Asks: 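Encoded as structure tokens, here's the structure I'll be asking about.
Chain identifiers are assigned alphabetically (A, B, ...) following the order of the sequence lines, protein sequences preceding nucleic acid strands; residue numbering begins at 1 within each chain. Nothing here was measured: the structure is a model prediction, and the numbers come from that model.
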Amino acid sequence: MTVINSYRNQPDERGHFGQFGGRYVAETLMPLILDLEREYRAAKADSEFAREFEWLLEHYVGRPSPLYYAERLTETLRESAPDGKGAQVWFKRDELNHTGAHKINNCIGQILLAKRMGKTRIIAETGAGQHGVATATVAARFGLPCVIYMGARDMERQQPNVFRMKLLGAEVIGVESGARTLKDAMNEALRDWVANVHDTFYIIGTAAGPHPYPELVRDFQSVIGKEAKVQMQAQAGRLPDLLVAAIGGGSNAIGLFHPFLDDASVRMLGVEAAGHGIESGAHAASLAGGAPGVLHGNKTYLLQDDDGQIAEAHSISAGLDYPGIGPEHSWLRDIGRVEYTSVTDTEALDAFQLLCRTEGIIPALEPSHAIAAVARVAREMDRDQIICANLCGRGDKDIFTVAEALGVAI
Amino acid sequence: MNDRLSARFAACKAQGRAALVTFVTGGDPTPGDTAAVLDALVAGGADVIELGMPFTDPMADGSAIQLANLRSLGSGTKTADLFAIATAFRQRHPDVPLVLMGYANPMIRRGADWFAAQAKAAGVDGIICVDIPPEEDAELGPALDDAGVHMVRLATPTTDAARLPQVLDGASGFLYYVSVAGITGKQQAATASIEEAVARLKASAGDLPIVVGFGVRTPEQAAAIGRVADGVVVGSAIVDIVGSHGNQAAPYVQAYVASLRGALETREKVA
């Protein structure tokens, strides 16, 4: 049955989420984008494709990931909350996936599409290196050569992941243009793709880029929210009151949120990276500090100046260090279905340490932003309310960055 | 619709040669240096001028034009400077067609209607936007049409027969055939494949001139393309000269452009 009044039937047939999304690409790529869309529609209708995707998620990725009640964190937050306040904090444990983050869910889906389309070479961009590692992993698993573009600055601050990608057989190409971070890596990946359209599949790492990428990445990541919904019913007997997730491009957030969008009782909070603070100008919060524009194949909120030149983003988290956001988030924000807030580098570092000490979990810096927002809002919510936050990556890769930020020599 | 473009292509046809279309990045190395470079293009014999609008993220461009964009933005070039450069050019050269080329975001930032009106007022004849394919035409095409500015469309080696009518629908001024699936300034396509592609495009494009670009560097390459197409675009090679000579580039640009124009003039002899 088609639900008419649904938040879950976007995008339209032209790939638009309201005024956002679309296919703003060079003509060379346009026929390929249309091919990909056709192939994705066929794959969606193919039960064999779904079976293979689900089999790999279960036996290779290790899904379903647990849903975990963080009792010690909950109690710790209640200590500084007003009487009767302090919601229960639950985590969707996507940091326990193979390769240590949610990124692998999407990569499994896209490499199956690549195989279906007969493509023989894989490329990807990466920021923190989690998507690069996940892409290199599936490329190794399927025996395809793989090139990863990574900003030279990100390579410096994420060396363990650079080495991981190389161990997995990928070629990692450092990008020296611009601020040498994720945006520049994406430009370079697009340049590679436009020159190699005949044999190359571009595995985009977040729910952004030209249609159909925002839709297909969301669909592959929606396994997070679908599992969480079932697990929450099984363990708590009801739906959560609030979902929280960190947002760079926004793939882990849309993956958690999307299956709940039509559940009116469930509020949602997306957390952008405020870097040194929104007012400082050095941040990565496109919704809080940006305006609609066109970059990397889609229309969405972007950090930009009055002439439409794209601004450099800043975040301590390489995975959030991007001046745009997936187009569906832009739409969800404008229609008011999802709330968005932002968290500074310092707040994220505090939350990182809080989780280490209260739960024995070292989170990545990306979900540390979500945890900081959880700490803020849980104290304002009643004790019988439930927050479900996405713990979308583990922090092994970030320990050097955190040590430096804390002034500790390792 | 203004007709400097069609008048110039008709004049070239009457002379039995292809039009020479030249590209430079506006504001490279500074906004104040561009007028001399544009004058050098005209003095060297360019028929159509493409003025590149710098953008922070030129994802369809190779290193030459990427660096030019960085030089231009680094010296503080604003959209207003581009329109000032165009306005002054139009006063100095009332008959030379001028086309702005760039990426969508700077063009739509203040609204497509604003951009189209500014372009018209500056005497700009056409717009080439790299990342607005026919599917997203509504973003800019209708505004340009209302203002009487040509929307120049791009066709590529991946534009197949089924798709070509969509590309041509709404195309005006000329059709820019990107002869290589890739970024600017790299390899050149084989002459035979260009000839075949141009013949295919001409069969569907009616009177719309077909202009071929990407990877054209030498007078010989320009002459070879000039034998089959209505125009030849040279960009990265000129941008490289500006990159090497900075604010002293004008005479070098003029000499290089003259060598291209000479090769197009003598095409009958070569053939």
Side-chain angles (χ1 to χ4, degrees), chain A residues 13-16 19 21-35 37 125 175-179 183-198 200 209-211 291-300 302-312 323-324, chain B residues 53-63 66-67 69-70 72-73 76-82 102-110 115 129-136 138-140 153-160 162-164 166-167 175-178 180-184 186-187 214:
Chain A
E13 70 283 358
R14 293 168 56 241
H16 289 191
Q19 67 155 318
R23 293 173 285 210
Y24 296 85
V25 296
E27 172 63 22
T28 307
L29 291 177
M30 201 58 222
L32 189 69
I33 295 283
L34 295 169
D35 269 356
E37 187 185 350
E125 86 294 335
V175 177
E176 294 286 350
S177 59
K183 164 175 87 95
D184 312 292
M186 196 150 182
N187 289 335
E188 210 55 36
L190 284 164
R191 289 182 186 116
D192 179 314
W193 197 26
V194 80
N196 296 288
V197 281
H198 56 288
T200 296
H211 177 66
V294 169
L295 180 70
H296 293 154
N298 60 173
K299 183 187 258 195
T300 191
L302 300 172
L303 300 181
Q304 55 180 321
D305 71 11
D306 291 344
D307 276 345
Q309 304 296 350
I310 308 303
E312 299 297 351
Chain B
M53 296 181 65
F55 183 46
T56 40
D57 295 83
M59 50 263 182
D61 283 299
S63 58
Q66 285 179 47
L67 290 170
N69 283 337
L70 288 176
S72 175
L73 294 173
T77 304
K78 302 288 179 201
T79 299
D81 295 316
L82 272 298
Y103 292 82
N105 203 48
M107 296 184 184
I108 63 171
R109 179 69 172 102
R110 294 180 176 87
F115 181 76
C129 184
V130 175
D131 51 350
I132 297 186
E135 281 76 1
E136 303 294 346
E139 199 66 62
L140 189 58
R153 283 276 175 72
L154 300 112
T156 72
T158 60
T159 310
D160 60 19
R163 183 169 167 73
L164 186 55
Q166 201 179 347
V167 170
L175 182 67
Y176 189 143
Y177 179 63
V178 173
V180 179
I183 55 178
T184 55
K186 296 285 181 180
Q187 77 279 27
F214 272 48

Asks: At a 4.5 Å cut-off on heavy atoms, which part of B/Pro157 comes close to chain A: side chain, backbone, both, or neither?
Replies: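 Contact with chain A is absent: no heavy atom of B/Pro157 under 4.5 Å.
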Asks: Below 4.5 Å, heavy-atom pairs only: which of A/Lys299, A/Gln304, A/Met186 has the largest tally toward chain B?
Replies: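 Among A/Lys299, A/Gln304, A/Met186, the one with the most close pairs to chain B is A/Gln304.
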Asks: Which bit of A/Asp192 comes within less than 4.5 Å of chain B, counting heavy atoms only: side chain, backbone, both or neither?
Replies: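 Contact with chain B: none, neither part.
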Asks: Non-hydrogen atoms of chain A under 4.5 Å away: do they reach the side chain of B/Asp61, the backbone, both or neither?
Replies: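 Backbone of B/Asp61 only, per the 4.5 Å heavy-atom cut-off to chain A.
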Asks: Looking at every heavy atom in both A/Asp306 and B/Arg109, which two are closest together, and how far apart are they?
Replies: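 Closest pair (atom of A/Asp306, atom of B/Arg109, distance): O-CG, 3.1 Å.
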Asks: Does the side chain of A/Val25 reach to within under 4.5 Å of the side chain of A/Leu190, using non-hydrogen atoms?
Replies: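 Sidechains of A/Leu190 and A/Val25: no contact.
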Asks: When only pairs under 4.5 Å are counted, which of A/Gln309, A/Glu312, A/His198 shares the most heavy-atom pairs with chain B?
Replies: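 Result: the option with the highest number of such pairs is A/Gln309.
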Asks: Among B/Cys129, B/Pro58, B/Ser63, which has the most heavy-atom pairs under 4.5 Å with chain A?
Replies: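 The residue among B/Cys129, B/Pro58, B/Ser63 with the greatest pair count is B/Pro58.
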Asks: Does any heavy atom of chain A fall under 4.5 Å from the side chain of B/Ala155, the backbone, both, or neither of them?
Replies: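 Only the backbone of B/Ala155 comes within 4.5 Å of chain A.
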Asks: B/Tyr176 vs B/Phe214 aromatic rings, parallel, tilted or perpendicular, using cut-offs 30° and 60°?
Replies: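 The rings of B/Tyr176 and B/Phe214 stand perpendicular, inter-plane angle above 60°.
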Asks: Could you tell me if the side chain of B/Thr79 sits less than 4.5 Å from the side chain of B/Arg110, heavy atoms only?
Replies: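 Result yes, sub-4.5 Å side-chain heavy-atom pair found.
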Asks: Quick one: are A/Asp184 and A/Glu176 in side-chain contact, heavy atoms under 4.5 Å?
Replies: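 No; the side chains remain at least 4.5 Å from each other.
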Asks: Go through the structure and list residues passing ring-ring contact (aromatic ring centres under 6.0 Å, His included) with A/His296, not counting sequence neighbours.
Replies: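 A/Tyr322.
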Asks: Please round to the nearest 0.5 Å and tell me the distance separating atom CE of B/Met53 and atom CG of B/Asn105.
Replies: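 These two atoms lie 10.0 Å from each other.
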Asks: I'd like to verify something: which residue of B/Glu139, B/Glu136, B/Met59 has the highest number of heavy-atom pairs under 4.5 Å with chain A?
Replies: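 Among B/Glu139, B/Glu136, B/Met59, the one with the most close pairs to chain A is B/Glu136.
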Asks: If only atom types and distance count, is the side chain of A/Asp307 paired as donor or acceptor with the main-chain N or O of B/Lys78 below 3.5 Å?
Replies: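 Checking the backbone N and O of B/Lys78 against the side chain of A/Asp307, no donor-acceptor pair under 3.5 Å is found.
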Asks: Return the option, out of B/Val130, B/Asp57, B/Leu154, with the maximum number of heavy-atom pairs under 4.5 Å with chain A.
Replies: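 That would be B/Asp57.
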Asks: Under a 4.5 Å heavy-atom cut-off, does chain B meet the side chain of A/Leu32, its backbone, both or neither?
Replies: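 Neither part; nothing is under 4.5 Å.
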Asks: Under 4.5 Å heavy-atom distance to chain A, tell me which part of B/Ile108 shows up: side chain, backbone, both or neither.
Replies: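 Side chain of B/Ile108 only, per the 4.5 Å heavy-atom cut-off to chain A.
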Asks: Is B/Leu73 close to chain A through its backbone or its side chain, or both, or neither, when contacts mean heavy atoms under 4.5 Å?
Replies: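 Just its side chain gets close to chain A.
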Asks: Examine whether an atom of A/Ala291 lies under 4.5 Å from a heavy atom of chain B, and if so say whether it belongs to the side chain, the backbone or both; otherwise answer neither.
Replies: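 Just the side chain, heavy atoms under 4.5 Å.
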Asks: Among all residues two or more places apart in sequence or in another chain, which pass the side chain to side chain donor-acceptor pair (under 3.5 Å) test with B/Glu135?
Replies: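 Partners of B/Glu135 by the side chain to side chain donor-acceptor pair (under 3.5 Å) criterion, ordered by chain and then number, come out as B/Arg163, B/Gln166.
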Asks: I'd like to know which of A/Asn196, A/Ile310, A/Leu29 tops the heavy-atom pair count under 4.5 Å against chain B.
Replies: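 Among the listed options, the one with the most contacts to chain B is A/Ile310.
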